[in-house]
Amino acid sequence: PVVTVKPDQRVFIGETVTLTCDIQRGGDIQWRYSWFRDGDTDYPYTTPTTAEISFTADVSRGGEYRCRGERSDSHTDFSDAVTLTVSDLKPKPELTSDPAGAALTGNTVTLTCRMDPSTGNWDSYWYKHTLNPETEKKKTNSYSLKIDSVSDGGQYWCRAGRGKPVYYTQYSDALWVNVTVSPKAVVTVRPDERVFRGETVTLRCDIKWGGDTEWTYRWEIEGTNNRYKNTVSRTSTQELNISGVDLSHRGKYTCTGQIHTQSSQRSDAVTLTVSAEAQASVRVSPQPWLTEGESVTLICEVSGSSKGWTFSWFRDHDHLSDSSRGAGGSYTLSPAALQHTGVYTCRAERGRPAYYTHNSSSQTLWITGVSASVSLVINPSRSQHFSSDSLSLSCEDQSNSAGWTVRRYTDKDTQTCAKRTGSGCVMDSLSTSDTGVYWCESESGEKRHPRNITVHDGEVILESSVDPVIEGETLTLHCLHRSTNSPILSADFYKDGSLIQNQTTGEMNITTVSKSHEGFYYCKTERGQSFHSWISVRVSRSGQISVLKILSFLLAASPYLLATVVLLYKCYRARVSSAEDQSQYAVTEEETSI
């Protein structure tokens, strides 16, 4: 026979112990059983009719046990001895956690209730916050704690148990599980989330976390074209560098940080968009045709992308070195001079190594000279006109009116007015193709007085002066309707996109105009919206003349003032010399008269 012991050969006071005498090849024979202790083979300890004996362990129950099967005419051999050890000290498990220290939300902490392996197998009983009742019973000595929130932290205990009825060990010492909200990773992209084929892209994973903890990083990439899903692991570096990016790098990028077995929250996905080669474009504000002394700004843009670019400007293919004017993609000429006339292009670059866009299409700036004697007269005198209306233009020169011709530049080309009347031009039925810049040009090629003319085929136009408004004067705007060609009763007026006035009369007045009133104006009614018109403000000519008169007067008067000072000085020196002579020579009255 073979003796088996439950729960184990090493037990503790108070446990229930069961010894079984198992006769391996006994068949169906009805055996009697004899149990012997501590080497005694003559006098049985007990002779039960069943194969099992059970008792509550105490120190006196410890020792060697063996058994033998018996029947009327024979008996088995003795079993091998089994030693039962009874301990009088109730065991106490050790409770540990992995990872040790603070736990991050969204992760799992493994609690282990560890018993001395020599004491046999135990079930584990787990307690949270309080010792009663148990949170959960586990057959194994580990407990996986899913940390969903800070409330999952706190005190935990365990104890072990086995047998029927269950024998419990002591409680473990309390273990504090400290829970901290897991930080969220953040992905940043340089130079931009939208890049162009061939650029160098750097994605960086940042985690805001106190202390000097060193994170490792994991990147996940999901292709937007569903051709692949790829995961790239990084064990130390927090940057993912892509040189010569192409269409295969498009997708959603996320990252997580890891400390040992714990992870940060996953970052929000950053979508990397890869486009074909970048193209710069240039536009002008307010208009490409202006008179010297006015201001103009050229703006360079990269379609679909605005981050990280620096810009270079070219005039007539020559690089412009005054980069301060080109900061932020804007190139401002203030005041504009005749030599600024030319064809402008721009190019953008960013990154290291530098990535360059293609050059923009060209933008012509035309700056004409100031001439008080030549003016372009427009009738009706406004910058916006209805299609199908008539318009007349003429050049007036106080000295020689016959030497000037009306010319224009439309979206097609530069041309002379088709229907000429002397130095003037008449258009009986306007069309939108007549929109453009009109000016006076002399026989020698001098260009003066450019003005914008806009032809609208809609129902509403803005009536404003075609010439710049003089500073200090009153600016009057009307909203006209095609059917009546008179002000509309109710209209809203806007400047640079913002509502500035609501008028029931369809008219708006700005008294005492200043430079701050320059901008793009338009009006809106129930019947439609006008085009935008640029209103420019110039310094009063009377103010300029007054300053010139003062300067001229001072320049003219200065020689006389100088002569007066010189004469006064000479008189002073003469009086001083006379006084010195009198004291030295004692000049008599008769000598003085002589």
Side-chain angles (χ1 to χ4, degrees), residues 283-298 315-316 333-344 362-385 389-428 430-456 463-470 518 520 531-538 541:
R283 59 186 176 89
V284 63
S285 177
Q287 55 197 14
W289 303 79
L290 61 155
T291 303
E292 60 178 336
E294 296 180 337
S295 298
V296 65
T297 298
L298 294 159
R315 179 171 64 229
D316 300 331
L333 297 171
S334 180
L338 293 176
Q339 64 267 26
H340 293 138
T341 296
V343 177
Y344 289 77
S362 60
Q363 173 63 58
T364 301
L365 275 189
W366 192 3
I367 294 92
T368 62
V370 177
S371 175
S373 62
V374 180
S375 60
L376 177 65
V377 178
I378 301 172
N379 189 24
S381 181
R382 60 186 186 226
S383 59
Q384 293 188 22
H385 301 266
D389 282 0
S390 62
L391 177 68
S392 67
L393 305 97
S394 61
C395 294
E396 293 188 0
D397 185 353
Q398 297 176 7
S399 60
N400 181 16
S401 61
W404 298 88
T405 304
V406 176
R407 298 271 288 169
R408 71 176 185 176
Y409 177 86
T410 64
D411 58 352
K412 296 179 180 179
D413 53 15
T414 301
Q415 55 188 223
T416 303
C417 181
K419 187 175 181 180
R420 298 174 57 187
T421 57
S423 64
C425 171
V426 176
M427 289 176 278
D428 296 324
L430 291 168
S431 67
T432 55
S433 63
D434 292 317
T435 295
V437 179
Y438 292 73
W439 67 93
C440 294
E441 186 169 325
S442 69
E443 295 175 349
S444 62
E446 292 181 85
K447 303 173 182 65
R448 295 289 185 270
H449 216 91
R451 292 292 179 263
N452 280 307
I453 297 295
T454 303
V455 180
H456 192 12
E463 183 181 48
S464 61
S465 173
V466 71
D467 295 315
V469 184
I470 305 303
E518 276 192 340
F520 285 100
F531 282 146
H532 296 215
S533 281
W534 173 260
I535 304 296
S536 60
V537 179
R538 286 189 182 173
R541 293 188 63 85

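Source: prediction; values computed, not measured.
Salt bridge D467/R538: absent, no basic N to carboxylate O contact under 4.0 Å.
Atoms CG and SG, from L391 and C425 in turn, are 7.5 Å apart once rounded to the nearest 0.5 Å. Taken from CG in L393 to CE in M427, the straight-line distance is 5.0 Å, to the nearest 0.5 Å. The distance from the CG atom of L333 to the NE2 atom of H340 is 5.0 Å, given to the nearest 0.5 Å.
Not one N or O on the side chain of N452 forms a donor-acceptor pair closer than 3.5 Å with the backbone of V437. No donor-acceptor distance shorter than 3.5 angstrom exists from the side chain of Q384 to the backbone of H456, with no hydrogens or angles considered. When atom types are taken as modelled, the side chain of S392 and the backbone of V426 share no donor-acceptor pair closer than 3.5 angstrom. The main-chain N or O of V455 is found under 3.5 Å from a side-chain atom of T435 such that the two form a donor-acceptor pair.
A 4.5 Å side-chain heavy-atom check between I453 and D434 finds every atom pair outside the cut-off.
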Handout entry: Stepwise side chain to side chain contact (heavy atoms under 4.5 Å, CB included) check, Y344 with R315
Key = CA-CA 5 Å; Y344 289 77; R315 179 171 64 229; 3.0 Å; yes
Practice task
Take E518 and W534, measure what side chain to side chain contact (heavy atoms under 4.5 Å, CB included) needs, and give me the verdict at the end.
Solution key: CA-CA 7 Å; E518 276 192 340; W534 173 260; 4.1 Å; yes
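In summary, the side chains of Y438 and R451 do not present any donor paired with an acceptor at a separation below 3.5 Å, with no hydrogens or angles considered.
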